[in-house]
Amino acid sequence: MSRALLVKAGLDVDRVREAAGERPVHPVRGFDREAVLAAGVEPGEVGAVLRASPRDDLSALTALAWVHSGAAGVDGWLAPGKLPDGVVLTSAVGNGAIPLAEHALMLMLMLSREAPRWFAAQQRHVWDRFTHGELAGSTLGIIGYGNSGQDLAAKAQACHMNVQALRRASGRDEGPGGVEVRTGRGGLEQLLATSDHVVVTAPWTPQTQDLIGAAELALMKPTAFLIVISRGGIVSEAPLIEALRTGAIAGAGLDAHATEPLPASSPLWDLENVIVTPHNGATTRATADRGTEIMLDNVARWVRGEELRNVVDRARGY
């Protein structure tokens, strides 16, 4: 039986070894054959790797049974042939739910209060007072009701917002009470038409690619804002730019983009009703700490032969 567990060098190897008990743990600089041999391990003896990246070459690890990704999004792992069918893939999903929800709330506040106008006035040393919006009493529509969406729902309710959410029909509602959960195409259309703020927290999958295009944007109120905090590609960029330019929607807060880094030539940088952040919403120390705790818990479960957390359903894509 393959027992060795490989972990990327630079991580807290002592904590991994503590969680692994008697199972051998080896820090490596990479997972290719040469790097594994350099760590004193036979590639055929490796049973698991921690915090691997889809860019890593795992082909020499012929007895591999489990891969833990240090990221929450796993779309890069799901390309055909990337992992053998028998390899279990787990992720750090949920580690960034709290800061992503905070980031979405920040963007909603900044957009509704026209915060960039204050920033511009500060640069000019101008005392610019104006009437702005507030979140209380408005309706939030969340597309993707997982960890981030549910945390955002609770935060929005604390701001006295009405909350509705779209999720898969097979999902189980574990979010706060008072949230109207919608499903299917009809649910998406109703959510878009009735929300003052639409926040995309869904994972990228082939099914969510271009989920919101010109037809969907046309359903939104001209006073509504669109916020994207999960993955680019779920909102079609060209029709979004057109909707923002023409005033079909009031504005957008974008932390996730179809191409990253966002090209300097993108019109999104210069639109006055857009706030761009560099896919940075969950970049906190606490996010990394929560990811480590998920990983260590899974190491202990793997050693004991128990069910792992955050096992990826390859058919669903997350």
Side-chain angles (χ1 to χ4, degrees), residues 1-11 16 20 23 25-39 41-96 144 146-148 168 170 200-211 230-234 256-261 279 282 287-288 291-292 294-299 301-302 307-318:
M1 173 178 153
S2 300
R3 295 175 52 84
L5 189 153
L6 304 185
V7 56
K8 275 273 180 75
L11 296 177
V16 175
R23 191 68 60 96
V25 175
H26 301 273
V28 294
R29 296 191 176 279
F31 299 108
D32 58 276
R33 181 177 180 81
E34 290 74 18
V36 173
L37 288 171
V41 188
E42 287 295 326
E45 292 300 314
V46 176
V49 298
L50 301 180
R51 282 186 174 164
S53 159
R55 297 183 296 275
D56 289 317
D57 178 10
L58 308 179
S59 59
L61 310 181
T62 55
L64 188 64
W66 169 41
V67 171
H68 179 75
S69 170
V74 294
D75 40 283
W77 284 106
L78 302 179
K82 186 62 188 175
L83 286 175
D85 290 341
V87 175
V88 174
L89 175 64
T90 59
S91 75
V93 68
N95 66 330
N147 294 295
S148 298
R168 291 176 61 96
S170 59
V200 178
T201 68
W204 184 94
T205 69
Q207 291 72 41
T208 60
Q209 173 72 33
D210 296 322
L211 179 68
S230 54
R231 284 289 186 272
I234 298 173
H257 313 272
T259 301
E260 295 184 351
H279 210 151
T287 293
T292 297
I294 291 170
M295 178 188 69
L296 294 173
D297 181 39
N298 264 348
V299 170
R301 288 168 179 258
W302 184 64
E307 181 179 357
L308 299 178
R309 291 172 60 186
N310 292 354
V311 174
V312 175
D313 184 331
R314 297 198 197 188
R316 290 188 176 184
Y318 56 90

Can you list the steps and then say if K8 with L50 is a side-chain contact (heavy atoms from CB on, under 4.5 Å)? CA-CA 7 Å; K8 275 273 180 75; L50 301 180; over 6 Å; no
Does some side-chain heavy atom of M295 sit less than 4.5 Å from a side-chain heavy atom of R51? yes
Have a look at P43 and tell me which of L61, L6, T62, L58 forms a side chain to side chain contact (heavy atoms under 4.5 Å, CB included) with it. L61
Note: S148 and T201 closest approach over all heavy atoms is CB-CB, 4.3 Å
Spatial distance of atom CZ (R33) from atom OG (S59) [nearest 0.5 Å]: 10.0 Å
Output all residues satisfying salt bridge (charged side-chain N to carboxylate O under 4.0 Å, His left out) with R301, sequence neighbours left out; order by chain, then residue number. D297
Point-to-point distance, once rounded to the nearest 0.5 Å, from CD1 of I234 to OG1 of T208: 4.5 Å
Looking at S91 and I294, what are the two nearest heavy atoms and their distance? O-CG2, 3.9 Å
Going by salt bridge (charged side-chain N to carboxylate O under 4.0 Å, His left out), name the pairs with one or both residues in residues 200-211, residues two or more places apart or in two chains. none
Taking only distance into account, with no hydrogens and no angle test, what donor-acceptor pairs under 3.5 Å do side-chain atoms of residues 63-82 form with protein atoms, sequence neighbours excluded?
residue	atom	partner	partner atom	Å
W66	NE1	T90	OG1	2.8
H68	ND1	T90	OG1	2.8
S69	OG	A71	N	3.2
K82	NZ	P54	O	2.3
K82	NZ	D56	O	3.3

State, to 0.1 Å, how close A39 and P27 come at their nearest heavy-atom pair, and which atoms those are. CB-O, 3.8 Å
CG of L5 to CD of E45, rounded to nearest 0.5 Å, is 13.5 Å
Across all chains, not counting sequence neighbours, the salt bridge (charged side-chain N to carboxylate O under 4.0 Å, His left out) partners of D32 are none
Distance from R29 atom CZ to E34 atom CD, nearest 0.5 Å? 15.0 Å
For a 4.5 angstrom cut-off between non-hydrogen side-chain atoms, does V28 reach V7? no
Does anything in residues 57-68 form a salt bridge (charged side-chain N to carboxylate O under 4.0 Å, His left out)? List the pairs, not counting sequence neighbours. none
Rounded to the nearest 0.5 Å, what separates atom CG in N298 from atom CG in N310? 7.0 Å
Can you name the nearest heavy-atom pair linking Y318 to P203, along with the distance? CD2-CG, 3.6 Å
Residues passing the side-chain contact (heavy atoms from CB on, under 4.5 Å) test with E260, sequence neighbours excluded, are A256, H257, H279
Would the distance check show the side chain of T287 and the main-chain N or O of A282 forming a donor-acceptor pair, the cut-off being under 3.5 Å? yes
Calculate, to the nearest 0.5 Å, the distance between atoms OG1 and CG belonging to T205 and D313 respectively. 11.0 Å
side-chain contact (heavy atoms from CB on, under 4.5 Å) between V311 and L89, intermediate numbers included: CA-CA 6 Å; V311 174; L89 175 64; over 6 Å; no
Decide yes or no on side-chain contact (heavy atoms from CB on, under 4.5 Å) for W302 and L308, but give the supporting numbers first. CA-CA 7 Å; W302 184 64; L308 299 178; 4.0 Å; yes
Do V200 and R231 make a side-chain contact, defined as non-hydrogen atoms from C-beta onward lying under 4.5 Å apart? no
